[in-house]
Amino acid sequence: SGFGLAAVSEEAGGAGATWADLYGVVHATGRLFGLSMPQLDPAAAAVEMIHAYSLIHDDLPAMDDDALRRGKPTVHIAFDEATAILAGDALQALAYETLVCAEWPDAAKLAALQELISASGSRGMCGGQQLDMDAGGKTLTLADLQNVHALKTGALIKAAIRLPAIVADADSDARAALDAFADDLGLAFQIQDDILDVEASTEQLGKSVGKDATQAKATYPALLGLDGAKALLAELAERMPQHLSGFGERAEALSALAAFAVARRN
C-alpha cells in the first residue's frame, strides 16, 4: 500500500454504490451532509491523486522496492524510475491545483488546501513513512506504532473525511465525531493490512506479500501476535459505528465502508 493505505474496492454503499479508494471515502462522508457529486468531486479527486502518487513512490527501489501493484507491474517497472518519480510529483501538484480550481467559497478552498497539505507532508503521510522506515528492525511500543500509522496511513484517511466537512461548513460536534471515526478507521485499515500481509496470497492481494516480516517491519502482528492484532481490530469494528450514531441513516454508506475495511480480503 502506498505509505500504508491499500485499495478499497467493494460494494459498500447499500444502494448499489461502489466505493473505490479514498475517492469513495470522500463521497461516503459527503452523504452525511447531503452534498452532491459535483460538490465533492474536487476533494475526492485531489485526495485520490495524493494517494496514487504515494503508491507510485512507495513502490520505488528506495522505498519498498515492489514490482507488483494491484496485479500489474509497478510504474517504475512498466516504465522507469525517473518516470515514476515525475509521475508522482505531477500528481501531487495536480491535486492542489484541483482544490484551487474547485467551485467552492475561497475560505473552503484555503481550509481544504491546508488540510491536504498537512496530511501529505512531514506532519502526515511523508513523516509517517520516514518513521516507518526508521522503525525497521526495532521493537516499538504500541503507542509508538500507532503514532507511525496515524501519520503514515491515518492522516490521509482523516483528510478524506475532513474535506467534505469543510465544504459543508459542518459544526464542531460533527467534526469531532468524524475525527474520532477517522482515527479508528485509519488504525483498523492498517491492522487489517498487516494481517493480510501474513495470511493472504500474492494473487489475492495483487501485490507482494510477506515483505513485512522479510524487511523486519514494525507491524501489529509482530508486536501483538496475530491473535492480538485481530482482537484489536475487532475492538475497533465495534467502536467505529458508535462515532457515527449521531448522524443516523445518513451514515449508512460510511458505516458500510468501515465494515468493509475490517473484513476485506484484498
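Nothing here was measured: the structure is a model prediction, and the numbers come from that model.
At distances below 3.5 Å, not a single donor-acceptor pair connects side-chain atoms of Thr83 with backbone N or O atoms of Phe79. The closest donor-acceptor contact from the side chain of Ser118 to the backbone of Gln114 lies at 3.5 Å or more, if one exists at all. Of the possible donor and acceptor atoms, one in the side chain of Gln39 sits under 3.5 Å from a partner among the backbone N and O of Ser36. Listed for the Lys138 side chain is a donor-acceptor partner under 3.5 Å among the backbone atoms of Asp134. No donor-acceptor distance shorter than 3.5 angstrom exists from the side chain of Lys109 to the backbone of Cys101, with no hydrogens or angles considered. Looking at Asp66, its side chain never comes within 3.5 Å of a backbone N or O of Leu68 through a donor-acceptor pair.
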*Ile191 and Leu236: side-chain contact (heavy atoms from CB on, under 4.5 Å), yes or no, with the steps?*
CA-CA 10 Å; Ile191 293 172; Leu236 293 168; 3.8 Å; yes
*Could you please spell out the steps behind the side-chain contact (heavy atoms from CB on, under 4.5 Å) verdict for Leu55 and Val75?*
CA-CA 9 Å; Leu55 294 173; Val75 176; over 6 Å; no
*Does the pair Phe247 and Leu254 meet the rule for a side-chain contact (heavy atoms from CB on, under 4.5 Å), with working shown?*
CA-CA 10 Å; Phe247 296 103; Leu254 203 54; over 6 Å; no
*Given the rule in the side-chain contact (heavy atoms from CB on, under 4.5 Å) test, do Ile50 and Val47 qualify, once you have shown the distances and angles that lead to the verdict?*
CA-CA 5 Å; Ile50 295 292; Val47 175; 5.7 Å; no
*Can you check ring-ring contact (aromatic ring centres under 6.0 Å, His included) on His149 and Tyr220, steps first, answer last?*
CA-CA 10 Å; His149 292 127; Tyr220 291 94; 5.5 Å; yes
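Across Asp132 and Lys152, no two heavy atoms sit closer than the pair OD2-NZ, 2.7 Å. Residue Leu145 comes nearest to Ala218 through the heavy atom pair CD1-O, 3.5 Å, listed as atom of the first residue, atom of the second, then distance. Scanning all heavy atoms of the two residues, the minimum distance from Ile56 to Ala87 falls at CD1-CB, 4.3 Å. The two residues Ala135 and Leu140 make their nearest non-hydrogen contact at CB-CD1, 3.7 Å. Nearest heavy atoms, Ala52 versus Leu91: CB-CD1, 3.9 Å. For the residue pair Asp194 and Pro221, the shortest heavy atom distance occurs at CB-CD, 3.4 Å.
Met63 and Ile85 sit in two unconnected hydrophobic clusters of ILVMFWY residues. Membership requires side-chain heavy atoms under 4.5 Å apart, directly or through other members. When hydrophobic clusters are built by joining Ile, Leu, Val, Met, Phe, Trp and Tyr residues whose side-chain heavy atoms come closer than 4.5 Å, directly or via intermediates, Leu35 is grouped together with Phe181. Cluster membership check: Val100 shares its hydrophobic cluster with Ile117, using side-chain heavy-atom separations under 4.5 Å among Ile, Leu, Val, Met, Phe, Trp and Tyr. Under the 4.5 Å side-chain heavy-atom criterion for ILVMFWY residues, a single connected hydrophobic cluster contains both Leu232 and Leu223. Following chains of ILVMFWY side-chain contacts shorter than 4.5 Å, one cannot reach Tyr53 starting from Leu86, and the two form parts of different hydrophobic clusters.
A centroid separation of 6.0 Å or more is found between the aromatic rings of His51 and Tyr23.
A salt bridge links Glu199 with Lys230; the closest basic N to acidic carboxylate O contact falls under 4.0 Å. Salt-bridge check for Arg69 with Asp64: failed, with every basic side-chain N at 4.0 Å or more from each acidic carboxylate O.
More than 12 heavy atoms of other residues, nucleotides or ligands sit less than 6.0 Å from atom CZ of Arg250.
Taking 4.5 Å as the limit, some side-chain heavy atom of His57 sits within range of a side-chain heavy atom of Asp89. Between Asp144 and Thr141 the shortest side-chain heavy-atom distance falls below 4.5 Å. Residues Met125 and Leu151 have side chains not in contact (no heavy-atom distance under 4.5 Å, counting atoms from C-beta outward). Leu178 is listed as a side-chain neighbour of Leu32, based on a closest heavy-atom distance under 4.5 Å. Side-chain contact between His27 and Met37 is present, with heavy atoms from C-beta onward closer than 4.5 Å. Val262 places none of its side-chain heavy atoms less than 4.5 Å from the side chain of Gln192. The shortest distance between side-chain heavy atoms of Ser255 and Phe260 does not fall below 4.5 Å.
Side chain to side chain, Asp59 and His76 fail the donor-acceptor criterion of an N or O pair below 3.5 Å.
A distance of 10.0 Å separates CG of Leu40 from CZ of Phe33, quoted to the nearest 0.5 Å. Within the model, atoms CG of Leu187 and OG1 of Thr153 stand 9.5 Å from one another, a figure rounded to the nearest 0.5 Å. If you take CZ on Arg31 and CD on Glu249, they are separated by 12.0 Å, rounding to the nearest 0.5 Å. Remark: Glu81 CD to Leu60 CG distance equals 6.0 Å, nearest 0.5 Å.
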Show me, pair by pair, the donor-acceptor contacts under 3.5 angstrom made by side chains of residues 155-167, not counting sequence neighbours?
| residue | atom | partner | partner atom | Å |
| --- | --- | --- | --- | --- |
| Lys158 | NZ | Asp183 | OD1 | 2.7 |
| Arg162 | NE | Asp179 | OD1 | 2.9 |
| Arg162 | NH1 | Glu115 | OE1 | 3.2 |
| Arg162 | NH2 | Asp179 | OD2 | 2.9 |

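Cation-pi contact between Arg264 and Phe189: present, with separation from the ring centre below 6.0 Å and deviation from the ring axis of at most 45°.
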